[in-house]
Amino acid sequence: MEGEIEPVDCASASKPPRIEIPKVPDDSEKPIAIKRLKDVEICVPIVYGTMAFHLGRKASESQSHRWTVYVRGATNEDIGVVIKRVVFQLHPSFNNPTRVVESPPFELQECGWGEFEIAISLFFHSDVCDKPLDLYHHLKLYPEAESGPKSTKKPVVMESYNEIVFPEPAEGFFARVLNHPAVVVPRLPAGFVLPTPVPIDSVHGKGRGDTKNHPLSHWFMNFSEADELLKIASARQQVQAHIIKLRRELNMMNGLPPPPNPASGHDYA
Amino acid sequence: MDAKDILGIPKTQLPTTQEKKSRPQKEPQRKPDGISREVYALTGGLAPLMPSIDVSQLKKRPPSDEKITWQWLPFTNSARKDNLQLYHWVRVVNGVPPTGDYSFAKYNKSVDVVKYTDEEYEKYLTDPMWTKEETDQLFELCERFDLRFIVIADRFPSSRTVEELKDRYYGVSRAILIARAPSPTDVSGHPLVKDPYNVSQEVERKRALSMVLSQTKHQERKDAEVLAEAKRITDSRMASRAAEEPEMPVASHVGSESADRAVVLGDTVSPSSNIQLPSATVVPSTSIIADSASTLASLRMLRVYLRTYALEQMVQAASSSAGLRTIKRVEQALQELGVNLKPKVPTKAVCAEHLELRKEILTLLNLQKQ
């Protein structure tokens, strides 16, 4: 992308950091071009989902559960560094089904009786990405096993792990989140010069955006990459061994008249 | 007999009509006369819609009024410089042997290699890099070997590259042509004059070709990626520029340039992919690589995406050549191996491994089919 670096003006940090440039009809489509880092990807691991507590004695027909829907950093770090706000779209039967959360922790609590799909839209800071990203999650209230007495202490938790990938991040964004624990940033080759990071205006004066000491944190699910990797690696080994074996057999068979039933005796799948 | 009388006439009629009916289904009504039934059946059994085979011509009509004998006769070949006389069988009709030259003599074509006199050499053809002797030798070899430069280069006494020899030969021919022409305009249309041999271009071309032929798989994949991205860029540029007319010439020039390059690269990429065919067990491997490459390129176009989305796209690209049943079998295999169809912890590493596993299962299934 051609090259005007986004203008930096720390003095005007209170104003949106964009300088008016008259639209010149040159061959670039946007009035302001942003310098991006090619072949670099920034990744933000997140976990999103719901947690539902049965209300027990306080339950009524229309309100049997109290549930929370949330988006958090996978390591419980503050994702507010990347995400500006989250919009939860609830079932139309709720009042104001479009709920906007302007600061981390990005969560919403409600009471209800029914399970439905929640649409979660992630909006990023202006230097990150101007397009939102949509996630979908099915609110689960009832556990798999119909265990007799419904516990009010133990919630029904449904979480999904995913990673937000920014394939060609803007230089400014990169510089800003370089050392933040919520973001996975690759190492750049030595001598790479980045612009000085511009702090974004953040609304949260509430204090911490991370979820490390979240009241519900001990119910959070654990996502272990290592387990899955191990499983896949061992599967690959098995498949590779079969392939080698089959190739050897095929090589031996070539030259001999074709066997009556090539797949006989070798049932793998 | 009585029964036959009573039911006889209608009864005997029916079976015969039935017989006639079943026959056309079994045999093609014995249509062929002149060729055997089996041969006719090769054409499809039934009579063709267009008479593709003229049945009467299938067996050669023996020319009835001519008397054919075969005789062992001598012959000469006008293509030969000596007067070698050989013998062969000749079809003699009514005692008259065939006339005319040996039938293969007309194939003895040769190249018109230019012949220059010593005067002409002194006047037009001297060159610091070449002695007269060498040039004479070159031309003698060119004549002898019909401009097969590889052979000429092999036989040339001093070591010269094919490009140097070609350059000298074409240079001399061109100079002679121009010198002998009554006026320059007469020969300006001649290919030698219009497009002279360009040594450096040829050397470069051959070098590039050998580089492409010796490309590694990795390089090939990268090239396919770049090509896909270029195509995407030009496509999107074309689409957006279609609205703005004055910019069209610029864009189309750019587009055609990169399209040309893409075509050129595409042409050169395909020979190398053909070479890889025998070694690859999955034949459409190059098309899969191209699919994955274009998927990667399109992912990079997005400003943001989810890791799971990327994995889905890559899986789709990798299975693009597989049918629905194969895909189901891959999923079945994954389940049997105890691997989640969609990874529970889709990190970059996990997704990469998952994709590779799926590809390996595809390979295994393809092998099992053989």
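Residue numbers begin at 1 in each chain, while the letters A, B, ... track the order of the sequences.
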Worksheet item: Parallel under 30°, tilted from 30 to 60°, perpendicular over 60°: which one fits the rings of A/Tyr161 and A/Phe223?
Response: tilted
Worksheet item: Can you list every pair that meets salt bridge (Lys or Arg N to Asp or Glu O under 4.0 Å) and has a residue in residues 131-140 of chain A, with sequence neighbours left out?
Response: A/Lys140-A/Glu144
Worksheet, complete the sentence: Here the salt bridge (Lys or Arg N to Asp or Glu O under 4.0 Å) pairs for residues 229-240 of chain A, sequence neighbours left out, are A/Arg236-B/Glu353, A/Arg236-B/Glu360
Practice prompt. Under 4.5 Å, counting heavy-atom pairs only, tell me which of B/Val339, B/Leu299, B/Val330 racks up the most with chain A.
Written response: B/Val339
Which atoms of [X] are under 4.5 Å from chain B, going by heavy atoms: the side chain, the backbone, both sets, or neither?
X: A/Ser224; answer: backbone
X: A/Ile42; answer: neither
X: A/Ile164; answer: both
X: A/Glu225; answer: both
X: A/Ile243; answer: both

Discussion item. Between A/Glu41 and B/Lys348, does any NZ, NE, NH1 or NH2 come within less than 4.0 Å of an OD or OE carboxylate oxygen?
Written reply: yes
Worksheet item: Hey, is B/Glu202 close enough to B/Arg205 for a salt bridge, meaning N to O under 4.0 Å?
Response: yes
